[in-house]
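A short worksheet on the structure shown next.
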Amino acid sequence: MLTGTEFALAGIAAAAAGMANALAGGGTLISFPALVALGVPEVVANITNTVALCPGYVGGALAQRKDLAGQGKRLLMLVPAAIIGGLAGGILLLSVNAQVFHVLVPFLILLAAVLLAVQDRIRDWIRRQTGHDGTDGTGCRNAALPAGLAAVYGGYFGPGLSVIYLAVLGLFLDDTLTRLNALKQCLSLATNVAAAVFFLFSGLIIWPLAVVMAAGALLGGAAGGHVAGRINPARLRWLIVGIGMVVGLYYLIRLFI
């Protein structure tokens with residue numbers, strides 16, 4: 001049973017995650033390790049964290065809705081893949097032995113940190129890409145399977161999903177980075193909502209903790225929007241990358257002790 005102080009710490013971690021997501025991404029690299037540090041079992045921490053941070057994805061998608069103009073066909077073709085993949089990832093999480101997840105956690109965290117670290121390079125690569133514009137459906141059809149596989153990862157763990165989505169969309173769709181980013185927000189939202197809805201019936205969510213964290217994430221996201229012009233997103237991202245690397249290496253070393 002968590003104490004009041006531990007609930008407060010979880011709320012602060014969620015607020016930091018919400019602010020990080022609003023400014024640079026990678027917020028889960030803060031909130032998930034915080035829950036584990038508070039003694040929450042890793043699978044339960046992952047599920048509770050997914051449900052708690054879900055409202056933040058709604059805000060992100062709404063904030064970029066104007067950039068979704070003319071992308072209705074893409075949404076119709078790719079959102080189902082994101083939903084199916086998110087559900088598959090959630091099912092995989094609950095089907096695989098918790099010890100397997102325990103072993104994978106350090107590698108997943110390190111992978112997410114690396115993806116966040118190379119985010120700018122991926123964006124530069126996307127800008128150089130040429131290919132289908134997706135208006136005839138060809139690009140979207142080709143992107144559906146990779147997007148679905150990315151969603152499986154998102155439903156299973158999640159950190160770094162937005163970077164993976166952006167890379168997939170940049171490979172198959174020729175469009176501005178702003179519009180691809182808006183599409184990515186919707187796919188991330190669909191993946192996380194699908195996994196969260198599935199987790200609602202798992203019996204593994206610590207609801208009081210999820211409510212506190214959801215409130216913290218919303219407040220942090222709102223605060224991030226207000227201070228966006230005063231904080232260097234690149235510096236914040238590298239701070240999160242550093243945290244992720246330290247936490248991932250700590251968990252990795254712990255596996256062999």
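Owing to the predicted nature of the structure, the values given are computational and were not obtained by experimental measurement. Scope of the values below: all heavy atoms of this structure, side chains included, with no hydrogens, waters or symmetry mates.
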Given side-chain contact (heavy atoms from CB on, under 4.5 Å), test Val152 with Thr191 step by step and report yes or no. CA-CA 8 Å; Val152 173; Thr191 299; over 6 Å; no
Taking all heavy atoms of [X] and all of [Y], pick out the closest pair and write down the distance.
X	Y	answer
Gly244	Leu110	O-CD2, 4.4 Å
Leu161	Gly154	CD2-CA, 3.8 Å
Val79	Ala190	CG1-CB, 4.0 Å
Ala13	Ala34	CB-CB, 3.6 Å

Answer yes if [X] and [Y] sit in the same cluster of Ile, Leu, Val, Met, Phe, Trp and Tyr residues linked by side chain heavy atoms under 4.5 Å apart, and no otherwise.
X	Y	value
Trp238	Leu115	yes
Ile47	Val100	yes
Leu145	Ile84	no
Leu87	Ile164	yes
Leu218	Ile12	no

Should [X] and [Y] count as side-chain neighbours, where that means a heavy-atom distance under 4.5 Å?
X	Y	value
Ile109	Leu29	yes
Pro33	Tyr250	no
Val247	Phe32	no
Leu180	Tyr165	no
Val114	Met245	yes
Leu53	Ser31	yes
Thr28	Thr50	no

Throw together a table of side-chain donor-acceptor distances under 3.5 angstrom for residues 192-213, partners on residues two or more places apart or in other chains.
from, atom 1, to, atom 2, distance (Å)
Asn192, ND2, Ser188, O, 2.8
Ser202, OG, Phe199, O, 2.7
Ser202, OG, Leu204, N, 3.2

Between Arg179 and Ala69, is there a donor-acceptor pair closer than 3.5 Å when you use the side chain of the first and the backbone of the second? yes
What verdict does the side-chain contact (heavy atoms from CB on, under 4.5 Å) test give for Val105 and His102, after you've listed the backbone C-alpha separation in whole Å, the side-chain angles of each residue and the deciding distance to 0.1 Å? CA-CA 5 Å; Val105 159; His102 172 75; 5.8 Å; no
Can you list every salt bridge (Lys or Arg N to Asp or Glu O under 4.0 Å) pair that touches residues 162-173, not counting sequence neighbours?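 Applying salt bridge (Lys or Arg N to Asp or Glu O under 4.0 Å) to every pair that reaches into residues 162-173, excluding sequence neighbours, yields nothing.
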Listing request: all salt bridge (Lys or Arg N to Asp or Glu O under 4.0 Å) pairs with a residue in residues 31-49, at least two apart in sequence or in separate chains.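 Sorted result for residues 31-49: Glu42-Arg254.
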Say you draw a straight line from [atom1] of [X] to [atom2] of [Y]; how long is it, rounded to the nearest 0.5 Å?
X	Y	atom1	atom2	result
Leu104	Gln99	CG	CD	10.0 Å
Leu183	Arg74	CG	CZ	6.5 Å
Asn46	Leu35	CG	CG	9.5 Å
Cys186	Gln71	SG	CD	8.0 Å

Using the rule given for side-chain contact (heavy atoms from CB on, under 4.5 Å), can you reason through Leu93 versus Phe157, listing the C-alpha separation, both sets of side-chain angles and the distance that settles it, and then say yes or no? CA-CA 8 Å; Leu93 177 64; Phe157 189 55; over 6 Å; no
Answer yes if the ring centres of Phe107 and Tyr251 are under 6.0 angstrom apart, and no otherwise.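 No; Tyr251 has its ring centre 6.0 Å or more from that of Phe107.
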